[in-house]
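Labels below follow one simple rule: chain letters A, B, ... track the order of the sequence lines, proteins then strands, and each chain is numbered from 1. For the numbers below, each heavy atom of this structure counts, side chains included, while hydrogens, waters and symmetry mates do not. This one's a predicted model, so the numbers in the text were calculated from it and none came from an experiment.
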2 protein chains.
Amino acid sequence: MAVATQPTFEAFGAKLTKFGAHDVVYYEGDEAKRLYQLASGTIMLFKLLPDGRRQVVEILRPGDIFGLSAGEEQDCTAETLTEATVREVDLKQVEASVDLQRQLTKCLTNQMNILHEHAVLLGRKSAVERVASFLMYLVPNRGGGVGCVGPDPSKSDDGCDLQLHMTRQEIADYLGLTIETVSRVVSDLKRRGVIRIDRSDKIHLNRICGLCQMTGIH
Amino acid sequence: MAVATQPTFEAFGAKLTKFGAHDVVYYEGDEAKRLYQLASGTIMLFKLLPDGRRQVVEILRPGDIFGLSAGEEQDCTAETLTEATVREVDLKQVEASVDLQRQLTKCLTNQMNILHEHAVLLGRKSAVERVASFLMYLVPNRGGGVGCVGPDPSKSDDGCDLQLHMTRQEIADYLGLTIETVSRVVSDLKRRGVIRIDRSDKIHLNRICGLCQMTGIH
DNA sequence: CGCGAGATTGATTCTACTCAACACTAGTGG
DNA sequence: CCACTAGTGTTGAGTAGAATCAATCTCGCG
């Protein structure tokens, strides 16, 4: 039930770097020689097709690691969504330490599971289910990302303010949709009273459980 | 250029298990307490939505590891596509060894990159591009999975026999399509002379480069 | 030979995309 | 203070691509 707390890469000569919002940490194709861990803020990883189509493949949270690649090059571009601080560790450092390795494995496994879930979203879910899943993903303390607390609206399970930190375009590119479809679905959720839109990137969930019912996982 | 060779988990008390074709190694929800490495054969990992929609999230090859989960439970079902042998290692074993950890990281990183690529396919590619990408993925010694050797058909870059080991349904569930769409696209590729179908799961690529041009990555 | 699972093909429907117009917001400068 | 602008978001109309529904085919096997 308890969400696994992400380990953090302490000391070990880790260099802390600050980034502004919408800064690029590295580009797809850059040399991959360091390990990064997000210390604070939000970062997205995305890939581009030559004709400009973009897919956001991961949305990183504090504790998540990135920058590793099977080859010599980065397979994604890493761009901040908000101000962010990033720990950098040299790969050699990591390889030498059992402890760092263990933490690394934990992080990678966690992110892998999220990628699996996201593949289901991209491959099998409708537009509404995608947007609902995305919003649920942003709710703090969901039951480990798996589902909602249950269809038991005791009292506190309702209402939640979300700060998206993403444009409609970024959301669309994450969900494999177009900007217009995202906008339509969001408007529709508003019309149905499931959410309230305070500002375009500030959304209030009126009924979390109701939203969770729309994710396709029930 | 050289494809990174997958490390294999030697000895370390690894138990070898044999599976027949279409055997289930574990189900989604099973307790996750062991690490598995595919020694030979092919295995797919998939997730199910409650209404029966299925998404194949990974197709594993010898050297790939699986069975790790961020939580206590498996997040996917693992089912063999062919006869397969699997190494099992206790998690404690792995945690104790720097060497195993290092190999593990390498495997996970590699699979992560493939998952990223697959997210692009599911989120942004057309049906034709998906099928073309899938077939290219099955070609041995592609340039590390990234692309084709180049538009230089010197002589040997053409012709390649593929054994799919998958039904149309399994392919469809991997590509986020329906069985009918996969069938139509395959028929279309045949009609256009790009491939030849020897048996429904045995396909000959006539022009690899031509096919690669249809993957969307050029 | 007949059966059944898997694959193919056709006709139709529907979801999300495309194209296009318009609205909202914040920032700029007269 | 208020146009003006640029970037972002919303909404509408029409379309295209894949899904759905349904019929037929293929092939291996008892």
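- The side-chain contact (heavy atoms from CB on, under 4.5 Å) check on B/D201 picks up B/Q163, B/L164, B/R199, with sequence neighbours excluded.
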Mind listing the side-chain donor-acceptor pairs of residues 78-85 of chain A below 3.5 Å, one per line with the distance, residues two or more places apart or on another chain?
residue : atom : partner : partner atom : Å
A/T80   : OG1  : A/G20   : O            : 2.7
A/T80   : OG1  : A/H22   : N            : 2.9
A/T80   : OG1  : A/D23   : N            : 2.8
A/T80   : OG1  : A/D23   : O            : 3.3
A/T82   : OG1  : A/T42   : N            : 3.0
A/T85   : OG1  : A/S40   : N            : 3.3
A/T85   : OG1  : A/S40   : OG           : 2.6

Can you tabulate the close N/O pairs, meaning under 3.5 Å, that link protein atoms to atoms of nucleotides 5-8 of chain C?
residue : atom : partner : partner atom : Å
C/dA7   : OP1  : B/R168  : N            : 3.3
C/dA7   : OP2  : B/R168  : N            : 3.1
C/dT8   : OP1  : B/R168  : NH2          : 3.3
C/dT8   : OP2  : B/R168  : NE           : 2.7
C/dT8   : OP2  : B/S183  : OG           : 2.8
C/dT8   : O5'  : B/S183  : OG           : 3.0

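- With sequence neighbours excluded, no residue satisfies side chain to side chain donor-acceptor pair (under 3.5 Å) with B/E28.
- For A/K33, the salt bridge (charged side-chain N to carboxylate O under 4.0 Å, His left out) test picks out A/E31, with sequence neighbours left out.
- The interatomic distance linking A/L121 (CG) with C/dA16 (P) rounds to 12 Å, in whole Å.
- Residue pairs satisfying the salt bridge (charged side-chain N to carboxylate O under 4.0 Å, His left out) criterion with at least one member in residues 121-134 of chain A, sequence neighbours excluded, are listed as follows: A/R124-B/D173, A/E129-B/R53.
- Atom CZ in A/R124 sits about 15 Å away from atom C1' in C/dT15, given to the nearest Å.
- Looking at A/D188 and A/R184, no side-chain N of the basic residue comes within less than 4.0 Å of a carboxylate O on the acidic one, giving no salt bridge.
- For DNA chain D, none of the residues of residues 46-54 of chain B falls under the heavy-atom distance limit of 4.0 Å.
- Qualifying salt bridge (charged side-chain N to carboxylate O under 4.0 Å, His left out) partners for B/R168, counting only residues two or more places apart in sequence or in other chains: none.
- Under the side chain to side chain donor-acceptor pair (under 3.5 Å) criterion, B/T105 pairs with A/Q101, not counting sequence neighbours.
- When DNA chain D is scanned in the 5' to 3' direction for atoms under 4.0 Å from non-hydrogen atoms of chain A, the outermost contacting nucleotides are D/dG9 to D/dA13.
- Projected onto DNA chain C by closest heavy-atom contact, A/V128 and A/R199 fall at different nucleotides, the more 5' of which corresponds to A/V128.
- Sorted by first and then second residue, the ring-ring contact (aromatic ring centres under 6.0 Å, His included) pairs involving residues 105-131 of chain A (not counting sequence neighbours) are A/H118-A/Y174.
- The CZ atom of B/R191 sits 12 Å away from the C1' atom of C/dG10 (whole-angstrom rounding).
- By the side-chain contact (heavy atoms from CB on, under 4.5 Å) test, B/I197 pairs with B/V186, B/K190, B/I195, B/I203, sequence neighbours left out.
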